[in-house]
Amino acid sequence: MTAMDVPTVFVVDDDAGVRASIQGLLKSAKLRCASFGTAEEYLRSKPPEGPSCLVLDVSLPGVNGLDLQRELADAGVRIPIIFITGHGDIPMTVKAMKSGAVEFLTKPFRDEDLLDAIRQALDRDRVARQQQSSLAELRKRYDKLTAREREVMGLVVSGMLNKQIAFDLGTSEITVKIHRGHVMRKMQAGSLADLVRMATKLELLRGQK
């Protein structure tokens, strides 16, 4: 297993006793853990290479848990968060969950509830990382296309026939077929349906920027 496969659970809680208790629990579950007393300490830490999640206390000195959740989202950091609190209320829970939290646990919680939430969060992060890696690979392939090949790809996936594309671009049908063949090979698309799926993903990627 490489460093990119090993999951890390980050724990941010200003209560040293709570941190020690969660660390012990994670150790017994054979999970790697890094703990911090404040949000600021966590923000100064090195981002993980592998799947990760954040067990985050709501009430922290300085930047509180909900503020940290917002800061991370604003910075484009998509780490799954499990909130823990000694005095949660419904509006606070709703706000956290609407902002993408995996779970909101009120202390004292059962060890198994926390471990279940952590496993769910790590699975979520693992899937997200695989999708990101797959999109990055797709982007790399697309970047290898020439400007004309990209034009042809756009028209092909819009449903146009070769002769329509040739007319649209002011070129011959044979030339369009050659460009289309290059597009299929460079994008590693096995069929037109494959190419359409890839184009849809690339469009979503552009929309996220």
Side-chain angles (χ1 to χ4, degrees), residues 1-137 205 208-209:
M1 191 181 273
T2 67
M4 296 194 74
D5 301 317
V6 179
T8 305
V9 180
F10 293 97
V11 179
V12 183
D13 195 305
D14 60 329
D15 185 325
V18 171
R19 290 200 305 275
S21 169
I22 294 175
Q23 278 179 303
L25 175 66
L26 294 173
K27 192 175 179 183
S28 71
K30 295 184 168 51
L31 285 167
R32 186 167 66 177
C33 172
S35 67
F36 308 90
T38 65
E40 289 84 354
E41 280 176 36
Y42 166 72
L43 288 168
R44 286 195 295 270
S45 68
K46 187 183 169 193
E49 289 182 20
S52 59
C53 70
L54 177 57
V55 177
L56 179 59
D57 189 19
V58 175
S59 305
L60 292 167
V63 177
N64 71 36
L66 292 171
D67 288 340
L68 177 59
Q69 181 187 34
R70 192 174 61 248
E71 270 190 46
L72 291 172
D74 289 347
V77 178
R78 302 273 176 257
I79 186 166
I81 297 173
I82 297 144
F83 278 105
I84 55 176
T85 179
H87 40 265
D89 57 35
I90 290 171
M92 190 190 285
T93 307
V94 169
K95 185 177 179 186
M97 299 303 282
K98 274 190 172 176
S99 298
V102 174
E103 188 56 273
F104 198 103
L105 300 172
T106 305
K107 301 172 187 174
F109 42 77
R110 293 187 322 134
D111 287 353
E112 203 48 50
D113 289 342
L114 179 59
L115 284 175
D116 283 348
I118 286 170
R119 290 186 189 110
Q120 185 188 338
L122 290 174
D123 283 347
R124 184 188 288 190
D125 198 47
R126 212 171 269 116
V127 169
R129 283 170 180 270
Q130 284 166 353
Q131 287 173 342
Q132 283 303 316
S133 171
S134 158
L135 281 173
E137 174 58 32
L205 194 60
Q208 286 168 9
K209 289 185 178 178

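Quick note: residue numbers are just sequence positions, from 1.
- Remark: D113 pairs with R110 by the side chain to side chain donor-acceptor pair (under 3.5 Å) rule, at least two apart or across chains.
- Proximity of I118 to L26: side-chain heavy atoms (C-beta onward) are separated by under 4.5 Å at one or more points.
- The CZ atom of R119 sits 7.0 Å away from atom CG of L31, with the distance rounded to the nearest 0.5 Å.
- In this view, D111 satisfies the side chain to side chain donor-acceptor pair (under 3.5 Å) rule with no residue, not counting sequence neighbours.
- Residues Q120 and R124 have side chains in contact (heavy-atom distance under 4.5 Å, counting atoms from C-beta outward).
- The two residues C33 and V11 make their nearest non-hydrogen contact at SG-CG2, 3.8 Å.
- When all heavy atoms of D123 and R126 are compared, the pair lying nearest together is OD1-NH1, 2.9 Å.
- Contacts of Y42 classified as ring pair (Phe, Tyr, Trp, His ring centres under 6.0 Å), with partners at least two apart in sequence or in another chain: F10, F36.
- Residues forming a side-chain contact (heavy atoms from CB on, under 4.5 Å) with A128 (at least two apart in sequence, or on another chain): none.
- For the atom pair CD1 (I22) and CD1 (I84), the distance works out to 4.0 Å, reported to the nearest 0.5 Å.
- Heavy atoms only, all atoms of each residue included: R129 and E49 are closest at NH1-O, 3.1 Å.
- L43 contributes atom CG, which lies 8.5 Å from atom OG1 of T38 (distance to the nearest 0.5 angstrom).
- Separating the CG atom in L25 from the CD atom in E112 is a distance of 8.5 Å, to the nearest 0.5 Å.
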Which pairs would a plain distance check flag for residues 52-68, meaning a side-chain donor or acceptor within less than 3.5 Å of a matching protein atom at least two apart in sequence or in another chain?
residue, atom, partner, partner atom, Å
S59, OG, H87, NE2, 3.2
N64, OD1, L66, N, 3.0
N64, OD1, D67, N, 2.8
D67, OD1, R70, NH1, 3.4
D67, OD1, R70, NH2, 3.2

For residues 95-106, please give each side-chain donor-acceptor pair under 3.5 Å, one per line with the distance, not counting sequence neighbours.
residue, atom, partner, partner atom, Å
S99, OG, K95, O, 3.0

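- In terms of heavy atoms, R32 sits closest to P7 at CB-O, 3.5 Å.
- Taking each heavy atom of V18 and K107 in turn, the nearest pair found is CG2-NZ, 4.2 Å.
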